[in-house]
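Before any comments, here is the structure.
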Amino acid sequence: MVFLMKIGVIAIQGAVSEHIDALRRALTERGVEAEVVAIKQKGVVPECGGIVIPGGESTTLCRMLAREGIAEEIKDAVTREVPILGTCAGLIVLAKEGDEQVEKTSQELLGIMDTKVNRNAFGRQRDSFEAEFEVEILDSPFTGVFIRAPRIVSCGPEVRVLSRLDDLIIAAEQENVLALAFHPELTEDLRIHQYFLDKVFDC
Ligand code: GLN
């Protein structure tokens, strides 16, 4: 039997199908076969060689991940160096510390990245917007979609800042964990998903 790599997208809420589509397109583009699965309950994360935590509502995501026992499985996957990609609310879920807004809702953050985050960091007038910016891992600018986007306020020495917008940190990585304030799954540009897949396939 041929062993097929499994890549899981946390499917509790948020931009799930867009990530699944983007991953499938990225796999086709690189000519690699893998199974992309939606993770709705405990027991799937341990089978995955890569995990995506999509945007949505971080309060709900944190609560459900803890309640379903998926939070512990993700933390365990990190100790096995399984690559993780968190986008928007996913960036918040991955963080160690939140701002007052996060603390107030007693969100149980996963604490995987040594980051402090700020929810809805771009203000009301800029609830949703597109912007072009440089990302350290790409050789030309990326256009990102921001929807009530968070930012990383500060990070520890293990964290590599990959991109800033108006001086605010919007992308960072810590070993195999990648966090983005924007939604790469909402554009046609697959370069960030490809970068994540490079980590999954260890190339
Ligand atoms: N502002 C949302 C939160 O705090 C994140 C928004 C998003 O994922 N598009 O959870």
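Being a predicted model, the structure only gives us computed values, none of them experimental. Read the numbers this way: they start at 1 and go in the same order the structure lists the ligands and their atoms.
Ligand-side atoms of ligand 1 in range of Ile147: 6 (C), 7 (C), 9 (N), range being under 4.0 angstrom from any heavy atom.
Atoms CD and CG, from Gln194 and Asp189 in turn, are 10.0 Å apart once rounded to the nearest 0.5 Å. Between atom CD1 of residue Ile147 and atom CZ of residue Phe122 there is a gap of 13.0 Å, rounded to the nearest 0.5 Å.
Of the protein's heavy atoms, Ser58 N, 2.6 Å lies nearest to atom 10 (O) of ligand 1. Of the protein's non-hydrogen atoms, Arg119 NE, 2.5 Å is the one closest to atom 4 (O) of ligand 1. For atom 1 (N) of ligand 1, the closest non-hydrogen atom on the protein side is Asn120 OD1, 2.7 Å. Looking only at heavy atoms of the protein, atom 5 (C) of ligand 1 is closest to Gly56 O, 3.4 Å.
We find that Arg148 and Glu57 are joined by a salt bridge, their nearest charged nitrogen and carboxylate oxygen being less than 4.0 Å apart. With respect to the salt-bridge test (charged N to carboxylate O, under 4.0 angstrom), the residues Arg151 and Asp99 do not qualify.
Paired with Ile74 under the rule side-chain contact (heavy atoms from CB on, under 4.5 Å), one option of Val82, Ile39, Val93, Ile10 passes, and it is Ile10.
Below 3.5 Å of separation, one finds an N or O of Arg148 facing an N or O of ligand 1. For ligand 1, the polar-atom distance check finds no N/O of Cys88 at less than 3.5 Å from any of the ligand's N/O atoms. Any N or O atom pair closer than 3.5 Å counts here, and Gly55 shares no such pair with ligand 1. Considering backbone and side-chain N/O of His183, one or more are found under 3.5 Å from N/O of ligand 1.
The two residues Arg164 and Ile169 have their closest heavy-atom pair at NH1-CG1, 3.6 Å.
By the salt bridge (charged side-chain N to carboxylate O under 4.0 Å, His left out) test, Lys42 pairs with no residue at all, sequence neighbours left out.
Using a 4.5 Å heavy-atom cutoff, the side chains of Asp21 and Glu185 are not in contact.
Residue-level proximity to ligand 1 for Thr87 is absent, since no heavy atom of it falls below 4.0 angstrom.
Ligand 1 lies nowhere less than 4.0 angstrom from a heavy atom belonging to Pro150.
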